[in-house]
Amino acid sequence: MTPPGATETLLDVTGLGIRSADGRDLVSGLTFGIPSSSRLGLIGESGSGKSLTALAIMGLLPPGMTASGSITLDTPGTGRTEVVGAAERHLRKIRGRVASVVFQEPLTALDPLMRVGRQLAEPIRRRRGLRGAALRAAVTAALTEVRLPEPERIARAYPHEISGGQRQRVAIAMALACEPALLIADEPTTALDVTVQAEVLALLDGLVSARGMALLFISHDLAVVSGITDRVLVLKDGRAVESGTVLEVVNAPEHPYTRSLVAGARELDDALDWTTR
Ligand SMILES: Nc1ncnc2c1ncn2[C@@H]1O[C@H](COP(=O)(O)OP(=O)(O)OP(=O)(O)O)[C@@H](O)[C@H]1O
């Protein structure tokens, strides 16, 4: 569903292929679009090509891997920009429009040797040209926006001195610092305990709405995806096997893999019902 105000497609992926250095097709013929301010869930088992798709959109595929097909992004001032085959200087423009939070490994998103505040200051300085006291105030505001208590203390801390949930929030603040039009959230449901996951997801949901961002939400968990997006695309072995609204897919899954995902999510639901009774 395209929300009110979302008139054009922010991201258009057409016939995307990703090939490894040794010639294996890791993603094939993938086509989807994300209108501005709308959300899409990309779901699939481990190794199905979700993270590589995200990297291809940002023009950050690992060395030796090649993309084919087309990925275009609406860029302000210049219209649409093709990511596939773009030179590094064009890709820089695109990276301002797209940011990603990789939740699986929030520690690797952060430099362990640098205080949190300094890490966050860098993209804010680049984006908004702030310095000194104004930059410090912007860092505090960014940490407050992701609902971190005692933002000044967190800013002074090193990543290992704060909790996993707090690191996730810092990673979200870093991604938001460049004010992207599209946020890619990769596997937010791994690595954290269930309560913290739910809090982080609610935060993400609120921020995406408040800022009118588009969201590409990557997960292997259908229940989580259906809580945050209204459209899903199911990936298996690097190919799209099904797409539609969450309701369509959950109520009438067509592909056997999607059916097994839906059955798995239902079993979990039943188990949770049982434990809360
Ligand atoms: N740097 C790499 N070199 C070679 N093959 C890779 C590389 N990165 C990923 N792959 C392969 O590409 C395929 C897709 O990987 P990808 O990381 O996109 O899967 P995924 O769906 O995101 O899985 P997960 O949920 O485990 O992160 C896998 O078969 C993986 O082994």
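Values below: every heavy atom of this structure, side chains too, minus hydrogens, waters and symmetry copies. First listed ligand is number 1; within each ligand, the first listed atom is number 1.
Put simply, no part of Gly44 is less than 4.0 Å from ligand 1, judged by heavy atoms. Using a 4.0 Å heavy-atom cutoff, Ser20 is absent from the residues neighbouring ligand 1.
For ligand 1, the atoms closer than 4.0 angstrom to any heavy atom of Ser46 are 23 (O), 24 (P), 25 (O), 26 (O). Atoms of ligand 1 lying under 4.0 Å from at least one heavy atom of Glu45, given by number and element, are 21 (O). Near Met65, meaning under 4.0 Å from one of its heavy atoms, ligand 1 places the atoms 1 (N), 2 (C), 3 (N), 4 (C), 5 (N), 6 (C), 7 (C), 8 (N). The Ser51 neighbourhood of ligand 1 comprises atoms 17 (O), 18 (O), 20 (P), 22 (O), 27 (O), with distances under 4.0 Å to a heavy atom of that residue.
Inspection of the Arg169 and Ser163 side chains reveals no N or O donor paired with an N or O acceptor under 3.5 Å. For the residue pair Asp22 and Ser20, a side-chain donor N or O sits within less than 3.5 Å of a side-chain acceptor on the partner.
For the atom pair CZ (Arg156) and CZ (Arg118), the distance works out to 15.5 Å, reported to the nearest 0.5 Å. Taken from CG in Leu42 to CD1 in Ile218, the straight-line distance is 5.5 Å, to the nearest 0.5 Å.
When heavy-atom distances to ligand 1 are checked against a 4.0 Å cut-off, Leu52 comes that close through both its backbone and its side chain. With a 4.0 Å heavy-atom cut-off, ligand 1 is reached by the side chain of Pro62 but not by its N, CA, C or O.
Ligand 1 has no nitrogen or oxygen under 3.5 angstrom from a nitrogen or oxygen of Leu26.
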- prompt: How far apart are the C-alpha atoms of Ile162 and Val116, what are their side-chain angles, what is the distance that settles it, and do they pass the side-chain contact (heavy atoms from CB on, under 4.5 Å) test?
  reply: CA-CA 10 Å; Ile162 59 178; Val116 163; 4.1 Å; yes
Glu254 and Val249: CA distance, side-chain angles, deciding distance, side-chain contact (heavy atoms from CB on, under 4.5 Å) verdict: CA-CA 8 Å; Glu254 283 174 13; Val249 169; over 6 Å; no
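Remark: the backbone N or O of Met114 is paired with a side-chain donor or acceptor of Gln119 at under 3.5 angstrom.
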